[in-house]
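A short write-up of the structure that comes next.
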Amino acid sequence: MKPLMLHGHERAITKIKYNREGDLLFSASKDKQPNVWYSLNGERLGTFNGHNGSVWCIDVNWDTTRFLSGSGDNTLRIWDCQTGKAISQLSTNSSVRACSFSYSGDLAVYATDKALGHQCEMFVIDIRSPEIILSQEDNICRTLISGSRISSLLWGALDETVITGHENGDINIWDSRTGKKLNDAQGHKGQINDMQFNKDGTMFVTASKDHTAKLFDSDSLMSLKTYKTERPVNSATISPNYDHVVVGGGQDAMDVTTTSTKQGKFDARFFHLVFEEEFARLKGHFGPINSLAFHPNGRTLCTGGEDGYIRINAFDQSYFDFHFEY
Amino acid sequence: MPANYEITKSWADEVEDEGSITLPPPTVVYENDFKIMTEYKLNDDNKKVKVVRTYKIERRTVSKTIAVRKNWSKYGDSLDDGPGPNPATTVIAEDVFMQFLSSKEEENKVEEDSLDKLKSMGDKGVVKCRNCNGEHWTSKCPFKDTVLGGLPDDKKLSINPTAGVPGMGDMNKPQGSKYIPPSMRDGGNKRGDSMLMQRRDDTTAIRISNLSENTTDTDLEELVKKFGAIHKFYLAKEKNTNVCKGFAYVHYKTKEDAARAINGLHGHGYDYLILSVDWSKPPAQNN
């Protein structure tokens, strides 16, 4: 395959996300501008200019009208996807680490960092008709997270719950209306860097600093499978049409200079969902992979790396011909 | 009219006003489903370089919402980009292939199996002293210099005549001090199998020689992969300079593919040289 290499960012990619149909690809990096691309030919549709710090988290709603971004400049912004103009801006006490639209697109949730003397907090906000300027007080539900901060989050089924992954490896489920903790699990021994659902949302895969990716039941938080690697895992994703899990990672950014690309530590690694066995690798990046996303049709895998590049890998026939022997 | 522009200007004129080279304007030509962009620029040596980019235009049927989004006008930093990918932000990367690991792992397993067997055999005492039948090497025997050392010699004398007569019968029941050929030893079977496997592997291998020294791994792969699935290939290279030594070995998955590759490539001209392709012959199989 000849991947498309997108070079719209000056610094490390933090997050990439397809919209629901998969025709657009959104990307955020440690530079200040999230980008949006046509996934088919890699053409850049535009950039969302306005943030003054690293953009840590992004999301797009299901009908691709609005785009959400949370940044290290202590703001959460809502953008119009068509024009790239900001619809509203919400100021927070510390940087926004994780954010997500609910499935309906009426609500959004975001989590702030534990920093500058402030605790980690999680806010659920109504964004049906947001004001231009919002503050932390404009919320439906505000939850103080004592202990370890939130590093990743997902909306649960029917927008009733929020699943959070924490810096110490814990996973919690919260009621999105009352902010009460419904369920918890000690999922990992290290920070959870990423959580992604499977196609129907019954399971999700977590990527953790403790060198593993794990598959959890979205309701009971039971750990179903473990995919072991020998390096910190930054992102993991589940194929929408095969029993495949792709895991990406590498060293911490500070150790990267001591590693050669030839060692294969920066490959995307394909595991079988059920048998937990690695069956393929895909090279490409010159640094750790920070974010992974499958196209909703499962025929393309997109990777964003610490090297600042996004690679769109449209699979060869050999991938579809491959059958895991068991 | 870019064509006229080129004719009116002779090369001599260009040499004269070398100080200020005027570059022809970039052109975009649409030619049945291909978009050809031609651009001129100066390279590091101040020489004029023509850059031609060819894009294939594809038509796809998509849902309405996607079609609407496809017609959105660009914004932000891409505001000034024309239609189609901007080469500054979108690059087509080098070819990469997925590496499937399953076959490799199986090979490793076989090796581990035989190793395990050897290890477990070690526990039961493969090592046997010829002097005292203890579980140590003969050279390390504590009774080497004592009377015990002489005993087996007597034994040997008594065994030898009996062994000489039946011959074949004795081979089946290997006894203490008798020399057993490696192929007859316990666990030797396993070894033999794996050796056989290797020989069978070689039957799908071909040797390509008279390759030019510019050949690279990717070139070779391009050349050989169209004949069938490749198990592995090896391109001989000079250790220091990394320049091709002129020959390569390719293992196909099936013998048919290998045969087709030989038919297809032997005598075939490749990069100014004519290839010579034949079955690979392991050096030991000369007789």
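A note on names: the letters A, B, ... follow the listed sequences, proteins ahead of strands, and every chain is numbered from 1. Computed from a predicted model, the values in this text were never measured in an experiment.
- Residue A:Phe270 touches chain B through its side chain alone, counting heavy-atom pairs closer than 4.5 Å.
- A:Ser318 is listed as a side-chain neighbour of B:Phe100, based on a closest heavy-atom distance under 4.5 Å.
- A side-chain donor from one of B:Ser78 and A:Arg44 sits under 3.5 Å from a side-chain acceptor of the other.
- Heavy atoms closer than 4.5 Å to chain A are found in the backbone of B:Ala88, but not in its side chain.
- Every residue two or more places apart in sequence or in another chain that forms a side chain to side chain donor-acceptor pair (under 3.5 Å) with A:Asp80 is listed here: A:Thr83.
- Between atom OG1 of residue A:Thr47 and atom NZ of residue B:Lys74 there is a gap of 11.5 Å, rounded to the nearest 0.5 Å.
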**OP:** Evaluate salt bridge (charged side-chain N to carboxylate O under 4.0 Å, His left out) for B:Arg69 paired with A:Asp23, printing each intermediate quantity in order.
**Re:** CA-CA 9 Å; B:Arg69 283 201 284 273; A:Asp23 61 319; 3.0 Å; yes
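- A:Tyr309 does not touch chain B: none of its heavy atoms, backbone or side chain, sits under 4.5 Å away.
- Counting heavy atoms from C-beta on, the side chains of A:Phe315 and B:Met98 come closer than 4.5 Å.
- Contact tally against chain B (heavy-atom pairs below 4.5 Å) for A:His9, A:His7, A:Gln82: the top residue is A:Gln82.
- The greatest number of non-hydrogen atom pairs below 4.5 Å with chain B, out of A:Ala268, A:Cys81, A:Gly284, is found for A:Cys81.
- Rounded to the nearest 0.5 angstrom, A:Asn19 CG and B:Ile66 CD1 are separated by 7.5 Å.
- Scanning all heavy atoms of the two residues, the minimum distance from B:Lys70 to A:Asn41 falls at NZ-ND2, 4.0 Å.
- A donor-acceptor contact under 3.5 angstrom links the side chains of B:Thr65 and A:Glu21, judged on distance only.
- Chosen from B:Leu79, B:Asn86, B:Val96, the residue pairing most often with chain A at heavy-atom distances under 4.5 Å is B:Val96.
- Considering only heavy atoms from C-beta on, A:Leu282 stays 4.5 Å or farther from B:Gln99 through its side chain.
- To the nearest 0.5 Å, the span separating OG1 on B:Thr90 from CD on A:Glu43 amounts to 7.5 Å.
- With a threshold of 4.5 angstrom between heavy atoms, A:Leu40 approaches chain B through side-chain atoms but not through N, CA, C or O.
- Other residues, nucleotides and ligands contribute over 12 non-hydrogen atoms within 6.0 Å of the CZ atom of B:Arg207.
- Ring to ring, B:Tyr75 and A:Phe48 are close: their centroids are under 6.0 angstrom apart.
- Only the side chain of A:Tyr38 comes within contact range of chain B, with heavy atoms under 4.5 Å apart.
- A 4.5 Å side-chain heavy-atom check between B:Ile92 and A:Lys2 finds at least one atom pair inside the cut-off.
- Of all residues spanning residues 53-71 of chain A, those with a heavy atom less than 4.5 Å away from chain B's heavy atoms are A:Asp63, A:Thr64, arranged by number.
- In this structure, CG in A:Asn35 is found 7.5 Å from CG in B:Asp77, a value given to the nearest 0.5 Å.
- Atom-to-atom distance recorded for B:Trp72:CH2 and A:Leu24:CG is 6.0 Å, nearest 0.5 angstrom.
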